[in-house]
Structures are given as structure tokens and as C-alpha cells.
Amino acid sequence: MSSFSSSFLLSLTQQYGTPLYVYDASLIRERYREMCSWFPYPKTKIFYAMKANYNPTILKILIEEGANIDAVSPAEILLAVKVGFKPHQILYTANMMSNEEIHEVKKLNILFNIGSLSELERYGTLYPHSDVCLRFNPDVVAGHHEKVKTGGKDTKFGILLEDLEKTKTICKQHHLKIIGIHEHTGSGIPQTSEQFQGIVNTLSIIKPENFPDLEFVDFGGGFQIPYHEDEPRADYITFAKKIVEKFQECCRVYGKNLSLYFEPGRYLVAESGTLLVKATTIKLNGTKMIAGVNSGFNHLIRPVLYDSYHKIINLSNPTGTPQLYDVVGNICETGDHFAKDRLISKIEEENILAICDTGAYGYAMGSIYNLRSMPTEIVIEHGKILFHKPALTPPKLIQKIISDHNY
Ligand code: LLP
């Protein structure tokens with residue numbers, strides 16, 4: 001959770017209104033440095049998975065800290081380059097690429113991380129003699145929800161380990177030089193043992209006879225943060241030590257000290273973000289107490305999409321008697337909620353609620369569904385506003401839609 005005090009957050013809502021996404025830049029730096037310190041291996045590099053939050057100020061903070069970028073679309077690459085990342089600092093983890101997309105990204109001189117044989121074949125035909133990274137499916141099923149488990153045969157991701165020989169043949173045919181091997185087990189994995197198994201499975205194919213030209217191995221993201229009040233923080237120090245030991249053992253057999261990459265998204269930015277909303281309507285439906293707010297799943301879809309838990313604090317009445325609430329949004333859909341049967345200090349209309357740990361996959365997954373604008377966003381460091389993007393007022397939103405349609 002961000003270190004901002006309740007009174008500071010309340011003062012921000014007075015100045016900038018609600019709904020409001022506030023990010024604590026210092027916490028992003030802290031998480032980045034913390035993560036770097038876990039890995040006792042000098043050739044470790046962090047590639048920030050910018051899908052978690054593409055806010056350009058956050059990207060700039062991470063450049064300053066020394067991060068690289070894991071991008072998943074041509075526009076993500078363009079934005080990363082625009083804010084200052086160099087092409088060699090970006091890895092493109094492609095997903096169902098069309099040939100047009102391959103050309104578009106290749107022009108930008110970015111390394112491709114390819115996770116299917118068909119894409120590899122097309123890439124090799126279009127750009128023989130290129131360097132490439134291969135994404136393998138680690139054959140482990142893990143993640144905080146079915147929708148974010150990327151390993152195992154039931155998902156669309158990665159080349160199956162059993163297809164190793166076919167992969168080598170395609171690369172040989174097109175003279176592709178395999179310089180990286182990648183795996184990503186899933187997102188928000190609380191059990192480090194499962195994540196470790198994905199790593200072990202991937203390391204099993206890292207041999208000079210399979211890939212003689214390797215420079216790095218990338219173990220993706222998936223680091224979980226404690227969303228629940230009573231959830232312990234995973235012991236990533238011990239985990240990292242275990243990975244490095246295993247990795248170094250593999251490097252010894254391979255005969256070279258390879259670089260070790262990770263692609264965290266959530267861990268770096270989730271806790272920095274708070275979505276501040278205003279209770280607009282308190283409603284007692286039979287025995288159910290409903291607190292309706294001026295935001296909805298178009299601003300934070302995680303509770304609806306993954307049943308995700310985000311702490312909710314009534315900043316205006318923190319010591320009020322706790323009551324059970326369904327905290328719901330203003331979108332015209334039954335599923336639109338932030339919390340169900342949640343104990344929160346008594347909420348009254350006009351109270352400000354903080355929805356915590358929303359810096360990852362919050363704004364980035366947002367939309368203007370129901371024609372409700374995206375919230376105002378601000379990034380703050382040591383009390384200074386680094387970035388302020390006001391929400392579009394309804395007339396401005398309409399103006400934009402009409403002008404986009406050349407109406
Ligand atoms: N690398 C790859 C190849 C990925 O697919 C992802 C996430 C990451 C890195 C970063 O994973 P992280 O460290 O953030 O767990 N919207 C979902 C999460 C989707 C993650 C998709 N891929 C959520 O809100 O939980």
C-alpha cells in the first residue's frame with residue numbers, strides 16, 4: 001500500500017476531484033531496488049512488463065532506476081522508445097503476430113520473443129539470419145486466477161518443451177540465432193515452489209547442443225504482492241537465492257555465464273497506486289447494504305474479471321463502526337462491483353473511499369464503457385506532482401468522440 005496518509009489523500013481529492021488514480025513514485029523506486037537486491041547474480045536484468053501500467057511518468061521513473069522493458073504490442077514499443085528506452089533495452093513478447101506486425105516491430109530493431117512454431121516459421125521466412133528469443137511453455141499451471149495462468153497445454157502461450165526438436169529445425173532452416181530462452185508461468189503466483197518448477201523445467205533444455213549461441217534466459221514475471229490485509233509477503237529473497245543457485249549450476253554446465261532476466265509488472269507498480277472514489281449512494285436492499293461510488297469496473301476491472309481482492313478504506317470515517325457492504329460502481333451492469341460483503345467503517349454519502357494496491361492492471365485495463373471518462377491520474381514523489389492528467393469532462397469526452405469520427 002502507498003505510504004500516503006489519509007489526510008494527504010483526502011486533500012488530493014479536494015484538489016483534483018474523484019475518481020482519482022494516485023501513484024506514489026517513491027514506492028515504485030523502492031520496489032525496483034528491492035527486487036534488484038534479491039538476486040545475488042551480477043548479470044541480472046529487470047524488464048518491466050509495461051502492460052501493468054503504461055503511465056509515461058512511471059516509465060520514466062523506471063528508466064532512471066535502470067529498468068528495461070517487456071513490451072507486448074507495437075504501440076507499447078513506440079511509447080517506451082518515446083520516453084527514452086533504447087531498442088536494445090526492449091524485448092518484444094509477441095502474441096499471435098500478423099506479418100504486418102512482424103514488419104512493424106522489426107523496423108524498430110527490437111528483439112522478438114517468439115512463442116509459437118507458426119510465428120517462428122513466418123519470422124524466419126521474412127527475416128532469416130536474425131537473432132531471436134524463444135518462449136517455451138514451462139508446463140506448470142500457476143497464477144492467481146484461471147485467466148492468468150499461462151503455463152500448461154490448455155493455454156495459448158509458448159512453444160511446448162516437447163516441440164524442442166521441431167523448433168531447432170525451423171531455426172536452422174532460416175539461420176535464426178537463438179540468443180535467449182524465455183518462460184512465463186503465470187501472474188500473481190503466491191506459491192514460489194510452482195514458479196520454481198517452471199524455471200527448472202525450462203532450464204532442462206538449456207544445453208549447448210540445443211542452443212549454442214545463448215546470451216540470456218528470461219523467467220518472466222508473476223511476482224505476487226499481498227493484496228489481503230492478512231496475506232504475508234512471499235519470501236522472494238530465499239526464492240531468488242534458490243533460482244540463482246540453480247541458474248549458476250546450469251551456466252556451469254552450459255559453459256558460460258548467461259544473463260538472467262525477469263519481467264515483473266505487478267510487483268513494481270501495484271502497491272504504488274490507489275483509486276480514490278466518492279460514495280454517492282447508500283442503499284439498503286432488504287438486508288444488503290450497498291455503497292455505490294462514482295467509479296466502476298471500467299476503471300478497475302480486476303474484482304469483476306478475476307474476483308480480485310483490493311483493500312478498501314473509508315478515508316472520511318476511518319474509525320466508524322465497521323459494517324458489511326457491497327461496494328458497487330456506477331456502470332449499468334449487475335456485475336459491477338469492487339467488493340462484496342466487505343467490512344468497512346460506516347460509509348455515508350460523500351465519503352471518500354481508497355481502493356488500494358491498484359497501480360497494476362488498473363488504469364491500464366480501463367475503458368470509457370457507458371461513456372464514463374477514465375479517472376484523473378496523478379503521480380507524486382515527495383509531495384511533488386510529477387504528472388497530472390485530468391479526466392475528460394462529459395462534454396470534452398463527447399467532443400473527442402465526435403472529432404475522432406469526423407462527424
Ligand atoms: N511477462 C509476460 C510474458 C506476461 O505475460 C506477463 C503478464 C508478465 C511478464 C508480467 O506479469 P506480472 O509480474 O505482472 O504478474 N491483468 C491480470 C494480469 C495479467 C498478466 C498478463 N501477463 C491481473 O490484473 O491480475
Side-chain angles (χ1 to χ4, degrees), residues 1-2 4 6-7 9-10 12-14 17-22 143-148 188 190 224-231 270-271 273-376 391 394:
M1 220 175 104
S2 92
F4 296 144
S6 299
S7 57
L9 289 173
L10 282 172
L12 292 174
T13 63
Q14 275 151 21
T18 54
L20 174 67
Y21 263 107
V22 185
H144 74 78
H145 188 272
E146 282 309 312
K147 293 191 172 80
V148 299
Q224 178 67 317
I225 62 131
Y227 282 105
H228 281 264
E229 286 85 346
D230 53 2
E231 197 177 338
E271 291 160 283
T274 310
L275 174 59
L276 298 169
V277 299
K278 185 161 73 179
T280 53
T281 311
I282 305 296
K283 191 170 173 186
L284 182 65
N285 270 1
T287 53
K288 190 167 270 306
M289 188 61 100
I290 293 174
V293 303
N294 63 347
S295 175
F297 77 86
N298 57 324
H299 296 167
L300 177 69
I301 202 168
R302 302 193 71 256
V304 171
L305 199 55
Y306 317 115
D307 288 326
S308 296
Y309 182 97
H310 288 269
K311 277 176 276 221
I312 299 183
I313 301 168
N314 183 354
L315 297 179
S316 310
N317 184 22
T319 54
T321 314
Q323 297 191 17
L324 273 186
Y325 290 97
D326 277 7
V327 180
V328 304
N330 58 4
I331 292 297
C332 194
E333 278 206 33
T334 309
D336 181 25
H337 72 275
F338 292 113
K340 288 204 169 142
D341 293 324
R342 185 75 65 83
L343 261 186
I344 302 174
S345 314
K346 188 174 187 323
I347 306 174
E348 281 171 3
E349 291 180 1
E350 299 292 308
N351 281 177
I352 302 291
L353 309 184
I355 309 181
C356 303
D357 304 321
T358 46
Y361 308 109
Y363 196 97
M365 293 179 77
S367 76
I368 56 164
Y369 183 43
N370 279 202
L371 290 192
R372 292 194 181 270
S373 293
M374 285 298 290
T376 300

Strictly distance-based, threshold 3.5 Å: is any side-chain N or O of [X] a donor or acceptor partner for the main-chain N or O of [Y]?
X	Y	result
Asn314	Lys346	yes
Ser295	Pro19	no
Ser6	Leu315	no
Thr281	Gly292	no
Asn317	Ser345	no

Do [X] and [Y] make a side-chain contact, defined as non-hydrogen atoms from C-beta onward lying under 4.5 Å apart?
X	Y	value
Arg302	Tyr361	yes
Ile282	Met289	yes
Ile368	Asn298	no
Tyr21	Leu300	yes
Thr274	Ile355	no
Gln224	Glu231	yes
Ser316	Glu348	no

In Å and rounded to the nearest 0.5 Å, what is the [atom1] to [atom2] distance from [X] to [Y]?
X	Y	atom1	atom2	answer
Ile301	His299	CD1	NE2	11.5 Å
Leu276	Leu9	CG	CG	5.5 Å
Leu275	Asp357	CG	CG	12.0 Å
Leu353	Asn351	CG	CG	7.0 Å

Given side-chain contact (heavy atoms from CB on, under 4.5 Å), test Ile290 with Leu284 step by step and report yes or no. CA-CA 6 Å; Ile290 293 174; Leu284 182 65; over 6 Å; no

What residues, two or more places apart in sequence or in another chain, satisfy ring pair (Phe, Tyr, Trp, His ring centres under 6.0 Å) together with His337?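 If we apply the ring pair (Phe, Tyr, Trp, His ring centres under 6.0 Å) test to His337, skipping adjacent residues, there are no hits.
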
Heavy-atom pair of closest approach, residues Val293 and Ala279: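 Reported closest heavy-atom pair: CG1-CA, 4.1 Å.
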
Closest approach of Pro375 to Ala391 (non-hydrogen atoms, all atoms of both residues):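 Where Pro375 meets Ala391 most closely, the heavy atoms are C-CB, 3.9 Å.
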
Are Phe297 and Phe338 close enough that their ring centers fall under 6.0 Å?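 Between Phe338 and Phe297, which both carry aromatic rings, the centre distance is not below 6.0 Å.
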
Below 6.0 angstrom between ring centroids: does that apply to His310 and Tyr227? yes

Solution key, residues 323-332 side-chain donor-acceptor pairs under 3.5 Å, sequence neighbours excluded:
residue	atom	partner	partner atom	Å
Tyr325	OH	Ile347	N	2.7
Asp326	OD1	Lys288	NZ	3.4
Asp326	OD1	Asp341	N	2.8
Asp326	OD2	Lys288	NZ	3.3

Tell me, with the steps shown, if Glu229 and Lys311 meet salt bridge (Lys or Arg N to Asp or Glu O under 4.0 Å). CA-CA 7 Å; Glu229 286 85 346; Lys311 277 176 276 221; over 6 Å; no

Dump the intermediate steps for side-chain contact (heavy atoms from CB on, under 4.5 Å) on Glu349 and Thr280, then the final yes or no. CA-CA 5 Å; Glu349 291 180 1; Thr280 53; over 6 Å; no

Please evaluate residues Cys356 and Ile313 with respect to the criterion side-chain contact (heavy atoms from CB on, under 4.5 Å), reporting the C-alpha separation (whole Å), side-chain torsions for both, the decisive distance (0.1 Å), and the verdict. CA-CA 8 Å; Cys356 303; Ile313 301 168; 3.9 Å; yes

For the residue pair Thr18 / Asn294, report whether a side-chain donor-acceptor contact shorter than 3.5 Å exists.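 Their side chains do contain a donor-acceptor pair, which is all the 3.5 Å distance test asks for.
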
